[in-house]
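Residue numbering restarts at 1 for every chain, and letters A, B, ... go by the order of the sequence lines.
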Amino acid sequence: MPSVTLPDGKQLEVKPGTRARDVVESIGPRLARDAVVAKLGGEVVDLEAPIDGGGLFEVLTKDSPEGLEVLRHSTAHAMAQAIMELFPGSKLTLGPPIENGFFYDVEVEGRITDEELPRIEERMREIAARDLPVTREEISKGEAERLYEDNPYKREIIAGLEDGDITVYRQGEFFDLCRGPHVQSTGRLGAFKLQNIAGAYWRGDEKNTMLTRVYGTAWPTEKELKAYLRRLEEARARDHRKIGKDLDLFTFSPDVGGGIPLFLPKGEMLRHLMEGYVRDVQTRHGYDHVWTGHLVNESLYEKSGHLEHYVDSMFPPMVEGETRYRLKPMNCPSHMTLFNSRAHSYRDLPLRYAEFATLYRYEKSGELNGLTRVRSLTQDDAHVFCTEDQVQEEFARALEIVREVLDTYGFNEYRVQLSMRDPDDSKYIADEQKWARAEQELREALDAAGIDYDEEAGEAAFYGPKADFMAKDVLGREWQLSTIQVDFLQPLRLGCEYVGEDNKEHTPVLLHRAVTGSTERFLGVLIEHYAGAFPVWLSPVQAVVIPVADRHNDYAREVSRRLGEAGIRVEVDDAQSSMQKKIRENARQKIPYLLIVGDNEAEAGTVNVRRRGEKQQEELDVGTFVEAVLEQVRSRE
RNA sequence: GCCCGGGUAGCUCAGAGGUAGAGCAGCCGCCUUGUAAGCGGCCGGUCGGGGGUUCGAUUCCCUCUCCGGGCUCCA
């Protein structure tokens, strides 16, 4: 008799006709209640699937990643059913589970607006209450095509499937072409909520029809759903656009143009401190800083290949006679031109050019988003010209800078995505050998540094592979921040050369790297990461002196003068309002230190220190306080 | 660029086919304060722009613009 192996190693014999749920029930009734799907020999299957032996048998509950995914997928089906019932004649397309939830793209008969979401949600609950059995059915390609006679989207999907490999899931009147698996019945869904409506092109191609996408979230329990919604709420409260406004950091104005952030004094102070910090680290690691302006003759981008690959992302040219200028969208060609401005010996290498460069990229208007997607940005870009033998070492050096900087900002957790070329895609400059070598160099360098990475085909830059650093912020959200790229192709195109030990001319290898990416975007991420409460070294205003009454203004100014002379960014709040109100307002501005001074402090030459986020105060000698703050700034804690 | 939603005072928001509201901020005055909003007064708006329907539009319709949520791309 055939048998399956349970996770504890026990063998279980299965009679012909046994289904997964029978096996689960034989293990235990409690498990049977929690089971969503099963996994047989590594493949996730329905509980109704027949089991005729064949390897490891595992039970997946809503709490397992796969079980949760199934739950979300089934919730998407319930939503699709609700939409079909409420908007008859609509055409379903795709409805997959995604992180935290699901969506379904539908060509709706009529229109779904936000007001409709509660209605759809209610109908979904009704469908769940009906507890319709969910059944799987294998059908032939011909049957599938007939079933979807008037649905061109599903027919397109069917066309790409193998006959004999097509399944339909049914629940009540509703059916959907679907690979599955799914929960046993609509009564076994968890807690869900529909979130928003969006447009989405069929197959993500803007030449295709725009479909209506409805997003929802689904969780095993009401409690988990609530917790997730709370997390979303918290993320909203941290939105850098909101905090940027509240803390007077930056603004946007249609008078200047969309996607062009304007920095107020405090925002500019942050930029200044962030860039100064990276500049110091780079200088310590032997990078030299350069400056290459804002306009570049277009012909340079023709030579480098950027014009061909990125013309859509460049602002239109400015024409002067025969010459066409472009706002600089990237620095590599300018830095290579710097390299070419003089002859080089192998003794000059590696040569490391870094620049905080203002770049202009034409992002489509709908793409702009606060500081994270802008049209004018400042990249902390660097290009290292080196010999092939030096690639490993220079990569390691760049890596060290990245690690040091990310660590300082408290991004302790990150993963690396190694983006490789898709050999079949023509957008990549062809040179089999050089690509292979560049990809190998990157792998070896990451291995040598002991860093884990995932490889992703088709994500590389047109000139070479890249290692992108995806860092997690305090809310666990991932951001792509740093990048290191190996380029064997552009230096050749732009004729970069050095004379080697052999007295012959060689083409250097070019390493591109950015640590914070763009100052604007990184600042946006930092604002959300810190929720506006920047560490002391980075705070635009580090301390505010608050006099208890007007008669303490002179002493407050005296304290402020001493702090200012020590290099601390300090202000006196001498507005005509109560001390309590000043504390409230400055606390809301996330000032690290509020220094209350009244009769006692003026008498003793001290300040009463109220630390950000703490109610407990401490009275300190002014000199002691200054030293403590300076130490915090020095250590960037 | 495309789909959906929005734009009312500097900010957060209420309102409704018939003379536009609140709180905060700002300004003036009183108070002189001991750890998260002291009190009173005043100022403040082409209800995003343009067009249409109407006796009358900020409200209904069209259009443009800007903002937001998505789709797509990212050197």
Determine yes or no for a side-chain-to-main-chain donor-acceptor pair under 3.5 angstrom, with A/Ser578 supplying the side chain and A/Lys581 the backbone. yes

The answer to which of A/His552 and A/Tyr360 contacts RNA chain B further toward the 5' end, by nearest nucleotide, is A/His552

Interatomic distance, A/Ile546 CD1 vs B/A36 P [rounded to whole Å]: 11 Å

According to a strict under-4.0 Å criterion, is A/Asn369 in side-chain N/O contact with OP1 or OP2 of B/G69? yes

What do you reckon, is CD of A/Glu99 surrounded by more than 12 foreign heavy atoms closer than 6.0 Å? no

Side chain of A/Arg551 (C-beta onward), nearest among B/A25, B/G1, B/U33: B/U33

Please tell me if A/Lys242 has a side-chain N or O lying less than 4.0 Å from either OP1 or OP2 of B/C67. no

Of the candidate nucleotides B/U32, B/A75, B/A36, which contains the atom at the shortest distance from the side chain of A/Arg588? B/A36

Would you say the base of B/C74 and the side-chain of A/Arg373 have a donor-acceptor pair closer than 3.5 Å? yes

Whether the side chain of A/Asn608 and the base of B/U35 hold a donor-acceptor pair under 3.5 Å is what I'd like checked. yes

For the C1' atoms, the ones on B/G18 and on B/G56, what distance do you get once it is rounded to whole angstrom? 7 Å

Please measure how far the C1' atom in B/C71 lies from the corresponding atom in B/U54, and state the result in whole Å. 40 Å

Please state whether the phosphate of B/U33, meaning OP1 or OP2, lies under 4.0 angstrom from any side-chain nitrogen or oxygen of A/Ser578. no

Is A/Arg241 near enough to B/G69 that one of its side-chain N or O atoms lies under 4.0 angstrom from OP1 or OP2? yes

Counterpart base for B/U59, defined by Watson-Crick or G-U wobble contacts under 3.5 Å: none

Paired to B/U19 by Watson-Crick or G-U wobble criteria (both distances under 3.5 Å) is none

Which heavy atom of A/Lys582 sits nearest to which heavy atom of A/Ser577, and what is that distance? CE-O, 3.3 Å

Nucleotide of B/A36, B/G34, B/A75 approaching A/Glu601 most closely (side-chain heavy atoms): B/G34

Separation of B/C71 P from A/Phe103 CZ (nearest whole Å): 8 Å

Ignoring the backbone of A/Tyr215, work out which of B/G69, B/G70, B/C74 is nearest its side chain. B/G70

Within the 4.0 Å heavy-atom criterion, would you say A/Asp550 contacts the bases, only the backbone, or no part of the nucleic acid? base

Can you tell me the distance, in whole Å, between the CG atom of A/Asn331 and the P atom of B/A75? 14 Å

What does B/G38 pair with, Watson-Crick or G-U, if both distances are under 3.5 Å? B/C30

Euclidean distance for P, B/G10 against B/G45 (whole angstrom): 8 Å

Under the 3.5 Å rule, do the base of B/G70 and the side chain of A/Tyr201 count as making a donor-acceptor pair? no

Between B/U35 (P) and A/Leu594 (CG): distance, integer Å: 14 Å

May I ask you to decide if the ring planes of A/Tyr310 and A/His306 are parallel, tilted or perpendicular, using 30° and 60° as cut-offs? tilted

A/Glu520 side chain vs A/Thr378 backbone, donor-acceptor pair below 3.5 Å: yes

Given atom CZ of A/Arg361 and atom P of B/U72, what is their separation to the nearest angstrom? 20 Å

Does A/Lys91 have more than 12 heavy atoms from other residues, nucleotides or ligands lying within 6.0 Å of its NZ? yes

Both distances below 3.5 Å, Watson-Crick or wobble geometry, any strand: find the nucleotide opposite B/C2. B/G70

Measure from the side chain of A/Arg584, starting at C-beta and using heavy atoms only, and say which of B/U33, B/U35, B/A37 lies closest. B/A37

Closest to side chain of A/Ile583, choosing from B/A75, B/C3, B/A36: B/A36

Please assess A/Leu371 against A/Phe252 for the test side-chain contact (heavy atoms from CB on, under 4.5 Å), listing each intermediate value before the final yes or no. CA-CA 10 Å; A/Leu371 290 181; A/Phe252 289 89; 4.2 Å; yes

Checking the side chain of A/Arg326 only, and the main-chain atoms of A/Phe315 only, is there a donor and an acceptor separated by less than 3.5 Å? yes

With C1' as the reference atom in both, quote the distance from B/U8 to B/G23 in angstrom, rounded to an integer. 15 Å

Ring-face cation of A/Arg72 near A/Phe102 (centre distance under 6.0 Å, axis angle within 45°): no

State the pairing partner of B/C24; accept Watson-Crick or G-U wobble contacts with both distances under 3.5 Å, and report none otherwise. B/G10

For B/U58 and B/A9, measure between their P atoms and round to the nearest Å. 15 Å

Please report the distance separating the P of B/G44 from the corresponding atom of B/C28, rounded so that it comes out in whole Å. 16 Å

Given 3.5 Å as the limit, does a donor-acceptor pair link the side chain of A/Ser482 with the main chain of A/Val515, or not? yes

Minimum-distance nucleotide (side-chain atoms of A/His306 versus B/U32, B/A75, B/U35): B/A75

For the pair A/His383 and A/His512, name the ring-plane relationship: parallel under 30°, tilted 30 to 60°, perpendicular over 60°. perpendicular

C1'-based separation of B/C13 from B/G51 [nearest Å]: 30 Å

Counting primed atoms, P, OP1 and OP2 as sugar-phosphate and everything else as base, the B/S/- map of nucleotides 4-12 of chain B against protein heavy atoms under 4.0 Å is -S------S

Using a cut-off of 4.0 Å on non-hydrogen atoms, how would the nucleic acid contact of A/Gly204 be classed: base, sugar-phosphate, or nothing? sugar-phosphate

Choose from B/U32, B/U35, B/G70 the nucleotide whose nearest atom is closest to any side-chain atom of A/Gln617. B/U35

Please pick, from B/G70, B/A75, B/G69, the nucleotide with the shortest atom-to-atom distance to any side-chain atom of A/Met314. B/A75

With a 4.0 Å cutoff (strictly under), does any side-chain N or O of A/Lys615 reach OP1 or OP2 of B/A36? yes

Atom P, compared across B/C39 and B/C64: separation rounded to whole Å: 49 Å

Scan A/Gln195 against the nucleic acid and name what it touches under 4.0 Å (heavy atoms): base, sugar-phosphate only, or nothing. nothing

For the side chain of A/Asp599, counting heavy atoms from C-beta on, which of B/A75, B/A36, B/G34 is nearest? B/G34

Looking for any heavy atom pair under 4.0 Å, which part of the strands does A/Gln616 touch: base, sugar-phosphate only, or nothing? nothing

Of A/Arg610 and A/Lys466, whose nearest nucleotide on RNA chain B comes first from the 5' end? A/Arg610

